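Below: the structure, in structure tokens.
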Amino acid sequence: MSIGRGTKTTLGVDEAGRGPALGPMVLAVVGLDSAAARALTRLGLRDSKAFGGGRAREDRLACADRIRAVACYVAVSVVEVDTIDRRVACGELNALEREVAAALLDGAPAHDRIVADGHTLFHALTARFPRLVAHDRGESVHAAVAAASVIAKTRRDELFAVIQGRYRSAFGAIHGGGYVNDGTRRFLRAYAERHGALPPEARRSWPHPYVADLLPTSALPAGRGRTLT
């Protein structure tokens, strides 16, 4: 969709997968004009975490299709585990997210403002993007942020489904999207018992105390408490 004269366009910035111990992180930027934002809101657009129930994934996918049909800009970037580990080791996870978001914003069409989800995380980008405002719960400020959340989450779901498929026959389903829960702990422990290591999709910069007895000390992170600038 092209941007018409007089149309107010907002870019929304959000991520999915910052916290999991397993799998990549995905950032997305979505541009919506006022009419598209209103239409998507009427159709039930909301933050990706607000999709609940047994059909949550299907509902998000349907919402993502609607977003792509009316958005003037959709850009997605996947941050792989090795990049996350390298930057966390330097205390630079927040800096990494800002760099990825800035690269996506650099490719965006003309717009009136940018709304990013996370004040502490993204406020520093205002020096580079004067039209940017950063808010906690950014989806409550503009639908474009909720749209970015849905786009990022659906892409991460696709990538995590590939990880699940890779290990299902040997270890069964991995429940919980790679977040530290019973399903993820069970999988990582079973993998470590068999291979004496973490799988390549595991973030080595995250603590894994539930497999510490199975791995050499050198395979575990040196510690937490770094400042993520």
Side-chain angles (χ1 to χ4, degrees), residues 10-32 36-37 39-81 83-84 93-94 96-101 103-105 107-108 114-119 121-122 134-166 173-181 183-184 187 201-203 206:
T10 298
L11 303 178
V13 183
D14 206 352
E15 55 78 24
R18 176 184 169 95
L22 187 66
M25 175 172 64
V26 179
L27 279 84
V29 173
V30 173
L32 298 178
L40 288 169
T41 300
R42 287 195 299 269
L43 291 170
L45 172 63
R46 54 198 183 276
D47 184 75
S48 64
K49 298 182 185 68
F51 287 81
R55 287 188 49 83
R57 181 167 297 182
E58 292 81 359
D59 291 344
R60 278 195 300 267
L61 281 171
C63 186
D65 288 341
R66 291 193 291 269
I67 292 165
R68 291 183 181 277
V70 301
C72 62
Y73 181 66
V74 176
V76 178
S77 184
V78 176
V79 185
E80 300 293 352
V81 166
T83 300
I84 295 170
L93 181 58
N94 286 358
L96 170 62
E97 287 199 50
R98 286 191 290 268
E99 290 168 15
V100 175
L104 296 176
L105 291 169
I114 304 166
V115 182
D117 186 48
H119 181 269
L121 177 58
F122 288 116
H135 290 273
D136 295 331
R137 293 186 54 81
E139 71 278 359
S140 66
V141 177
H142 199 276
V145 179
S149 172
V150 169
I151 292 295
K153 175 62 174 170
T154 54
R155 180 58 179 143
R156 189 177 191 278
D157 283 346
E158 291 171 352
L159 295 169
F160 196 78
V162 174
I163 296 173
Q164 287 184 310
R166 190 173 296 142
I174 308 171
H175 297 291
Y179 286 85
V180 181
N181 51 39
T184 299
F187 163 67
E201 299 85 358
R203 300 182 188 179
W206 261 231

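This chain uses plain numbering: 1 for the first residue, then up along the sequence. Bear in mind that the values here come from a model prediction, so they are computed numbers and not experimental data.
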Task: Under 3.5 Å donor-acceptor, Trp206 side chain and Leu22 backbone - done: no

Task: Backbone N/O of His135 and side chain of Arg137: donor-acceptor pair under 3.5 Å - done: no

Open item on the list: Main chain of Leu61, side chain of Thr154: is a donor-acceptor contact present, judged purely on distance under 3.5 Å?
Closed with: no

- [ ] Give the C-alpha distance, both sets of side-chain angles, the deciding distance and a yes or no for side-chain contact (heavy atoms from CB on, under 4.5 Å) between Glu139 and Leu45.
- [x] CA-CA 10 Å; Glu139 71 278 359; Leu45 172 63; over 6 Å; no

TODO: Could you tell me which residues satisfy salt bridge (Lys or Arg N to Asp or Glu O under 4.0 Å) with Glu15, sequence neighbours excluded, listed by chain and number?
DONE: none

Task: Atom pair CZ (Arg57) and NZ (Lys153), whose distance is rounded to the nearest 0.5 Å - done: 7.0 Å

Task: Donor-acceptor under 3.5 Å (Thr41 side chain, Ala37 main chain) - done: yes

Open item on the list: Ignoring hydrogens, what is the shortest heavy-atom contact between Asp14 and Ser149? Give both atom names and the distance.
Closed with: OD2-CB, 3.2 Å

- [ ] Would you check if the side chain of Arg66 reaches a backbone N or O of Ala39 as a donor-acceptor pair within less than 3.5 Å?
- [x] no

Task: Glu58: partners by salt bridge (Lys or Arg N to Asp or Glu O under 4.0 Å), with sequence neighbours left out - done: none

Open item on the list: So, using side chain to side chain contact (heavy atoms under 4.5 Å, CB included) as the criterion, who are the partners of Ala152 when residues are at least two apart?
Closed with: Ala16, Val26, Ala28

Open item on the list: Restricting to ring-ring contact (aromatic ring centres under 6.0 Å, His included), what partner residues turn up for Phe122, sequence neighbours left out?
Closed with: none

Open item on the list: Testing the basics here: between Asn181 and Gly176, what is the closest heavy-atom pair and its distance to 0.1 Å?
Closed with: ND2-CA, 3.2 Å

Task: Minimum heavy-atom distance Val30-Ala71, with the two atoms named - done: CG1-CB, 4.0 Å

Task: Donor-acceptor under 3.5 Å (Arg98 side chain, Leu121 main chain) - done: yes

- [ ] Measure the CZ-CD1 distance between Arg166 and Ile174 for me, rounded to the nearest 0.5 Å.
- [x] 9.5 Å

Open item on the list: Please give me the minimum heavy-atom distance between Gly118 and Ala134, naming the atom from each residue.
Closed with: O-CB, 3.7 Å

Task: Heavy-atom closest pair, residues Leu104 and Leu27 - done: CD1-O, 3.8 Å

- [ ] Identify the heavy atoms of Leu11 and Ala108 that sit nearest to each other, and give their distance.
- [x] CD1-CB, 3.5 Å

Open item on the list: Under the rule for salt bridge (Lys or Arg N to Asp or Glu O under 4.0 Å), what residues qualify as partners of Asp136, not counting sequence neighbours?
Closed with: none

Open item on the list: Distance check, rounded to the nearest 0.5 Å: His175 atom NE2 versus Gln164 atom CD?
Closed with: 8.0 Å

Open item on the list: Rounded to the nearest 0.5 Å, what separates atom OG1 in Thr83 from atom CG in Leu93?
Closed with: 11.5 Å

Open item on the list: Working to the nearest 0.5 angstrom, can you tell me the gap between Ile67 CD1 and Leu32 CG?
Closed with: 7.5 Å

Task: Atom pair CD1/CZ of Ile163 and Phe187 - distance to nearest 0.5 Å - done: 8.5 Å

Open item on the list: Among residues at least two apart in sequence or on other chains, which ones pass salt bridge (Lys or Arg N to Asp or Glu O under 4.0 Å) with Arg155?
Closed with: Glu158

TODO: Return yes if some donor-acceptor pair links the side-chain N/O of Arg18 with the main-chain N/O of Met25 below 3.5 Å, else return no.
DONE: no

